[in-house]
Enquirer: 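Got a structure for you, questions after.
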Amino acid sequence: MKSGGSKVTSSTKVTQSKDHALYAHWSRDVDTSTSCTVTFDANGGSVKTNSKKVTKGELYGTLPTPVRDGYDFDGWHTSKSGGSWITSTTTVAQTQDHTLYAHWSRDDEDYNVSYTEPNNGIDQFTDLDDGAFYLKPVEWAVNEGITSGISNNTFGTDEPCTRAQIVTFLWRAAGSPEIRSVNPFDDVNRNDYYYDAVLWAVEQGITSGTSDDTFSPDMPCTRAQAVSFLYREKDSPSVRGTNSFIDLTPGAYYADAVQWSVNNGVTAGTGDNTFSPDQDCTRAEIVTFMYRSRKK
């Protein structure tokens, strides 16, 4: 029968002599299981929440914050060393159970940065999440005069970092050195806060303009540009190794910079084996990258 009836297989005995029809019955070949369990490995630390259920195509959502004496938490990653960085806004891309590993960096004494006891503090900023990866870098940047908030009570953690801002941060971190060159850019004026920083960055080979006579100071700085600026600030050292990012163009200007950033723990990508080179780099990300790049 087309609906119901008896199931007939190769081992079923024929019980009638008349011609008859057999009807195929079907069920949809659909994997309805889209949920899986993600387990949290504190990787030397401790964490109160050991696992949670997540669903493919949805965000990971709230992730626990592990603790480890003498270390700063640098985020959850897909492997104990390297791997892709997973945040609360990363989209789940698999249905298999999997593990996320905590990454750590030693506390202040292992950073080659001039870090002082807070004099400005960051308590006034209402847009900082407790336990976030960027808390120590933001505090460092504020107290070293590298950058302040975008208002009296907001740091602008998720705001895109502009090209003018990132070169200014780097210039201030370098001690605000004097410039010696003539300004070639029509969109950079003497009275702009970033004037000296832009010319210094060009002098140092950290970045050039977006054309012969424009710098595009208000253009958002991408993640590829951000790690390239930091890499060039370090005099573009030779790099070794490979990464698993699937969204990097072979031979791209930022290829060595990305590898350097991974090798030195500056950033491990955005998740799902992606680096997101064209994604805007946020203010929280760039001060974190700067902070990490100054490790010994």
Enquirer: Is there a donor in the side chain of N153 and an acceptor in the side chain of S151, or the other way round, less than 3.5 Å apart?
Expert: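 Note: N153 and S151 side chains meet the donor-acceptor criterion.
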Enquirer: Can you tell whether the side chains of E233 and R294 come within less than 4.0 Å, N to carboxylate O?
Expert: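 Yes.
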Enquirer: Nearest 0.5 Å please: distance from the OG1 atom of T154 over to the CG atom of D127.
Expert: 5.5 Å
Enquirer: Rounded to the nearest 0.5 Å, what separation is found between the CG atom of D247 and the CG atom of N273?
Expert: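 Those atoms lie 9.0 Å apart.
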Enquirer: Linking I/L/V/M/F/W/Y whenever any side-chain heavy atoms sit under 4.5 Å apart, do F229 and I146 land together?
Expert: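 Linked within one cluster.
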Enquirer: For T34 and T95, which heavy atoms make the closest approach, and how far apart are they?
Expert: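 So the minimum-distance heavy-atom pair works out to CA-CG2, 3.8 Å.
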Enquirer: Below 30° counts as parallel, above 60° as perpendicular, anything between as tilted: where do the rings of F125 and F155 land?
Expert: perpendicular
Enquirer: Minimum heavy-atom separation for I286 and A226, please, with both atom names.
Expert: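 Heavy atoms of I286 and A226 come nearest at CD1-CB, 4.0 Å.
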Enquirer: Assess the residue pair V258 and Y231 against the criterion (side-chain contact (heavy atoms from CB on, under 4.5 Å)); give the C-alpha distance rounded to whole Å, side-chain angles, the decisive distance to 0.1 Å, and a yes or no.
Expert: CA-CA 9 Å; V258 169; Y231 175 63; over 6 Å; no
Enquirer: Has N264 got a side-chain atom pairing as donor or acceptor with W260's backbone, closer than 3.5 angstrom?
Expert: yes
Enquirer: How about Y60 and I86: do any of their side-chain heavy atoms sit closer than 4.5 Å?
Expert: yes
Enquirer: With a 4.5 Å limit on heavy-atom distance, are the side chains of R223 and T267 in contact?
Expert: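 A side-chain contact exists here, since the closest heavy-atom pair is under 4.5 Å.
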Enquirer: Scan side-chain atoms only and decide if D213 and S211 contain a donor-acceptor pair under the 3.5 Å cut-off.
Expert: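 Yes - a donor-acceptor pair under 3.5 Å links their side chains.
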Enquirer: What distance do E285 atom CD and M290 atom CE have between them, rounded to the nearest 0.5 Å?
Expert: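 That separation rounds to 14.0 Å.
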Enquirer: Any non-hydrogen side-chain atom of T288 less than 4.5 Å from a side-chain atom of F133?
Expert: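 Yes; the side chains approach each other to less than 4.5 Å.
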Enquirer: Would you check if V92 and T55 make a side-chain contact, meaning some heavy-atom pair closer than 4.5 Å?
Expert: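 Result no, sub-4.5 Å side-chain heavy-atom pair not found.
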Enquirer: Under 4.5 Å between side-chain heavy atoms, counting indirect links through other Ile/Leu/Val/Met/Phe/Trp/Tyr residues: same cluster for I206 and M219 or not?
Expert: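 No, it is not one cluster - the side chains of I206 and M219 are not joined through contacts under 4.5 Å.
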Enquirer: Distance to the ring centre below 6.0 angstrom and angle to the axis at most 45 degrees; does that hold for R68 and F73?
Expert: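 Verdict for F73: no cation-pi partner in R68.
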Enquirer: Calculate, to the nearest 0.5 Å, the distance between atoms CG and CD belonging to L170 and Q165 respectively.
Expert: 12.0 Å
Enquirer: Could you check whether any side-chain heavy atom of Y134 comes within less than 4.5 Å of a side-chain heavy atom of L128, counting everything from C-beta outward?
Expert: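 Contact flag for Y134/L128 side chains = yes.
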Enquirer: Ignoring hydrogens, what is the shortest heavy-atom contact between V202 and S208? Give both atom names and the distance.
Expert: CG2-CA, 4.3 Å
Enquirer: Shortest non-hydrogen contact from T270 to Q279?
Expert: CG2-NE2, 4.3 Å
Enquirer: Using the side-chain contact (heavy atoms from CB on, under 4.5 Å) rule, take T91 and L59 through it: C-alpha gap first, then chi angles, then the decisive distance, then the call.
Expert: CA-CA 4 Å; T91 301; L59 303 182; 3.7 Å; yes
Enquirer: Report yes if some heavy atom in the side chain of R163 is under 4.5 Å from a heavy atom in the side chain of Q225; otherwise report no.
Expert: yes
Enquirer: Report yes or no: does E203 contribute a side-chain atom to a donor-acceptor pair with the main-chain N or O of S181 at less than 3.5 Å?
Expert: yes
Enquirer: For V54 and C36, what are the C-alpha separation, side-chain angles and deciding distance, and is it a side-chain contact (heavy atoms from CB on, under 4.5 Å)?
Expert: CA-CA 6 Å; V54 294; C36 60; 3.7 Å; yes
Enquirer: For F40 together with W76, are the ring centres under 6.0 Å from each other?
Expert: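 Yes: the rings meet the under 6.0 Å criterion.
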Enquirer: To the nearest 0.5 angstrom, please state how far the CD atom of Q94 sits from the OG1 atom of T78.
Expert: 9.0 Å
Enquirer: Considering non-hydrogen atoms only, spot the tightest contact between D41 and T99 and give its length.
Expert: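 For D41 and T99, the tightest heavy-atom pair comes out as CB-CG2, 3.8 Å.
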Enquirer: I'd like to know if I150 and V167 are part of one continuous hydrophobic network [Ile/Leu/Val/Met/Phe/Trp/Tyr, side-chain heavy atoms within less than 4.5 Å].
Expert: no
Enquirer: Any donor-acceptor pair under 3.5 Å linking the side chain of K234 with the backbone of S293?
Expert: yes
Enquirer: Would you confirm whether D192, through its side chain, and Y194, through its main-chain N or O, come within 3.5 Å as a donor-acceptor pair?
Expert: no
Enquirer: So do the side chains of F215 and P184 get within less than 4.5 Å of each other, counting heavy atoms only?
Expert: no
Enquirer: Flag the pair W200 / S176 as yes when at least one side-chain heavy-atom distance between them is below 4.5 Å, and no otherwise.
Expert: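 Answer no - side chains too far apart.
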Enquirer: Measuring from S261:OG to F275:CZ, what's the distance to the nearest 0.5 Å?
Expert: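 Output value for this atom pair is 4.5 Å.
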Enquirer: Do you reckon Y101 sits in the same ILVMFWY cluster as F245, going by side-chain contacts under 4.5 Å, direct or chained?
Expert: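 Result: no, two separate clusters.
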Enquirer: Output yes when a side-chain donor or acceptor of H20 lies under 3.5 Å from a complementary backbone atom of K18, and no otherwise.
Expert: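 Side chain of H20 to backbone of K18: a pair is present.
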Enquirer: Return yes if some donor-acceptor pair links the side-chain N/O of N43 with the main-chain N/O of A102 below 3.5 Å, else return no.
Expert: yes
Enquirer: Search all heavy atoms of T147 against all heavy atoms of R172 and return the closest pair with its distance.
Expert: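 So the two residues come closest at CA-NH1, 4.1 Å.
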Enquirer: Look at the side chain of Y193 and the backbone N and O of T168, then say whether any donor-acceptor pair between them is shorter than 3.5 Å.
Expert: no
Enquirer: Is it true that Y253 and V262 fall in one hydrophobic cluster, defined by side-chain heavy atoms closer than 4.5 Å?
Expert: yes
Enquirer: Going by distance alone, is a donor N or O of one side chain under 3.5 Å from an acceptor N or O of the other, for Q259 and N263?
Expert: yes
